[in-house]
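What you see below is based on every heavy atom in this structure, not just the backbone, and it leaves out hydrogens, waters and symmetry mates. Each chain gets a letter, A, B and so on, in the order its sequence line appears, and its residues count up from 1.
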Number of protein chains: 2
Amino acid sequence: MPSLAYDPYVHDCPSRQLLDRIGDRWTVLVIGALEDGPQRFSQLARRVDGVSQKMLTQTLRYLEADGLVLRTAHPEIPPRVEYELTDLGTSLLEPLGALLSWAKDHMGEVQASRDALASAG
Amino acid sequence: MPSLAYDPYVHDCPSRQLLDRIGDRWTVLVIGALEDGPQRFSQLARRVDGVSQKMLTQTLRYLEADGLVLRTAHPEIPPRVEYELTDLGTSLLEPLGALLSWAKDHMGEVQASRDALASAG
DNA sequence: CAGCATCCTGGATGATACTG
DNA sequence: CAGTATCATCCAGGATGCTG
């Protein structure tokens, strides 16, 4: 049994800060989109369907600041900017994968529970 | 390398639904608080510091509906209601623990990256 | 004690227009 | 193409008061 000892509601606690990041709609999606190699801004925008330019930019800036994503601007016309996961960012794929894996394995049970409660009224 | 193949932005996708749940500030905290056994409502309110009655109630209702938490109301005066993780809820502790673990192990690097960028201007 | 109902605010997010 | 700037919106979440 893993320990959740340090409380994420303590503002200074790393777990809280991580939770805040994962909380927003886009961070996880962007990281997922970058899983298979460097991507250009417009590629990401298409890949992470529904994200606005503003949000994509903001998310990428955060990830860059946190050292999870590397930004490379090529001095060309027209501009070309590529984003890729750093080693640190890549290391996050594993626990994230574990979570998605749980969802895949157990979401059926969750859905069944919802349905049961709904039909029970 | 884990696969993040199925896209969480697809509304039907389990990963998206899980993300939505974890997205809110309280779900993860409540699950964490329930890690070491059944808790009363007021205990949880104190444990998950900062949560309002409304949010705690709402979060518990969701978790109950999803089959992650079991609610037991004892017919007494004054009322006593206990919440505990189901087996399903307990199984979520593991991937969650992995994520928190990552935060613990790497948040230092993240913070260093932030500081570096900040001082660099 | 546990928990609804109501009102209200702020910040996250989107839409739009413009630029190097 | 890859952004920046600005305005508009929406609802999660907090505050408060009441009930069984």
Side-chain angles (χ1 to χ4, degrees), chain A residues 8-11 16-31 33-34 37-66 69-84 117 121, chain B residues 8-11 16-31 33-34 37-66 69-84 117 121:
Chain A
Y9 62 78
V10 174
H11 195 275
R16 171 57 176 271
Q17 297 180 30
L18 174 67
L19 252 24
D20 286 344
R21 278 284 184 274
I22 297 200
D24 76 76
R25 286 233 274 303
W26 306 117
T27 297
V28 174
L29 304 185
V30 170
I31 290 176
L34 286 171
Q39 311 263 327
R40 302 184 57 170
F41 184 89
S42 50
Q43 281 181 295
L44 285 172
R46 252 174 282 118
R47 192 92 185 263
V48 184
D49 192 60
V51 69
S52 64
Q53 268 190 350
K54 177 182 164 184
M55 281 302 102
L56 183 54
T57 300
Q58 190 177 108
T59 302
L60 286 168
R61 290 289 176 279
Y62 281 139
L63 290 172
E64 191 190 2
D66 286 357
V69 160
L70 178 65
R71 178 182 186 272
T72 309
H74 299 84
E76 309 168 356
I77 306 279
R80 180 166 57 95
V81 181
E82 287 197 321
Y83 296 90
E84 60 187 310
L117 207 76
Chain B
Y9 62 79
V10 174
H11 194 276
R16 170 56 176 273
Q17 297 180 30
L18 175 67
L19 252 25
D20 286 344
R21 277 285 184 273
I22 297 202
D24 75 77
R25 287 232 275 303
W26 307 116
T27 298
V28 174
L29 304 185
V30 170
I31 290 177
L34 287 171
Q39 312 262 328
R40 302 185 55 170
F41 185 90
S42 51
Q43 281 181 296
L44 285 172
R46 253 174 281 118
R47 190 91 185 263
V48 184
D49 192 61
V51 70
S52 64
Q53 267 190 352
K54 175 183 167 183
M55 281 302 102
L56 183 54
T57 299
Q58 188 177 111
T59 301
L60 287 168
R61 289 291 176 279
Y62 282 140
L63 290 172
E64 193 191 0
D66 287 357
V69 159
L70 179 65
R71 178 183 187 271
T72 310
H74 299 84
E76 309 169 356
I77 306 281
R80 180 165 59 94
V81 181
E82 288 198 320
Y83 296 90
E84 60 187 310
L117 208 77

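- Contact between the side-chain N/O atoms of A:Ser52 and the OP1/OP2 oxygens of C:dT13 is not found at any separation under 4.0 Å.
- Whole-Å rounding puts the A:Asp20 CG to D:dA12 P distance at 17 Å.
- Considering only side-chain N and O atoms, B:Arg25 lies nowhere under 4.0 angstrom from the phosphate OP1 or OP2 of D:dA12.
- The phosphate of D:dG3 (OP1 or OP2) has a side-chain N or O of A:Tyr83 nearer than 4.0 angstrom.
- The separation between B:Gln43 atom CD and C:dG3 atom P is 13 Å, rounded to whole Å.
- Following rounding to the nearest Å, A:Asp49 (CG) and C:dG14 (P) show an atom-to-atom distance of 12 Å.
- Going from atom NZ of A:Lys54 over to atom P of C:dT16 covers 13 Å, rounded to whole Å.
- Rounding to whole angstrom units, CG of residue B:Leu44 and C1' of C:dA2 are separated by 12 Å.
- What separates CD1 of A:Ile77 from P of D:dG3 is a distance of 14 Å, to the nearest Å.
- Where B:Val81 and A:Asp24 each meet DNA chain C at their nearest nucleotide, the meeting point lying more 5' is that of B:Val81.
- We find that CE of B:Met55 is positioned 16 Å from C1' of C:dA2, with the value rounded to whole Å.
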- request: Evaluate the side chain to side chain contact (heavy atoms under 4.5 Å, CB included) criterion for residues B:Leu60 and B:Leu44: first the C-alpha distance (whole Å), next the side-chain angles of each, then the deciding distance (0.1 Å), finally the verdict.
  value: CA-CA 10 Å; B:Leu60 287 168; B:Leu44 285 172; 4.0 Å; yes
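- Residue B:Ile22 holds its CD1 atom at 7.0 Å from CD1 of B:Ile31, rounded to the nearest 0.5 Å.
- Side-chain N/O atoms of B:Arg80 include none lying less than 4.0 angstrom from OP1 or OP2 on C:dA2.
- Place B:Gln53 and A:Gln53 on DNA chain D by their nearest nucleotides, and A:Gln53 ends up nearer the 5' end.
- For the OP1/OP2 pair of C:dA2 and a distance below 4.0 Å, the side-chain nitrogens and oxygens of B:Ser42 include at least one atom meeting the criterion.
- Closest heavy-atom contact between A:Gln43 and A:Pro38: OE1-O, 4.5 Å.
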task: Evaluate the side chain to side chain contact (heavy atoms under 4.5 Å, CB included) criterion for residues B:Met55 and B:Val48: first the C-alpha distance (whole Å), next the side-chain angles of each, then the deciding distance (0.1 Å), finally the verdict.
output: CA-CA 11 Å; B:Met55 281 302 102; B:Val48 184; over 6 Å; no
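- Listed pair A:Arg71 / D:dA2 fails the phosphate criterion, with no side-chain N or O lying under 4.0 Å from OP1 or OP2.
- As a whole-Å value, the separation of B:Arg46 CZ from C:dA2 P is 9 Å.
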- request: Starting from the C-alpha separation in whole Å, work towards a yes-or-no answer on side chain to side chain contact (heavy atoms under 4.5 Å, CB included) for B:Val51 and B:Leu29.
  value: CA-CA 10 Å; B:Val51 70; B:Leu29 304 185; over 6 Å; no
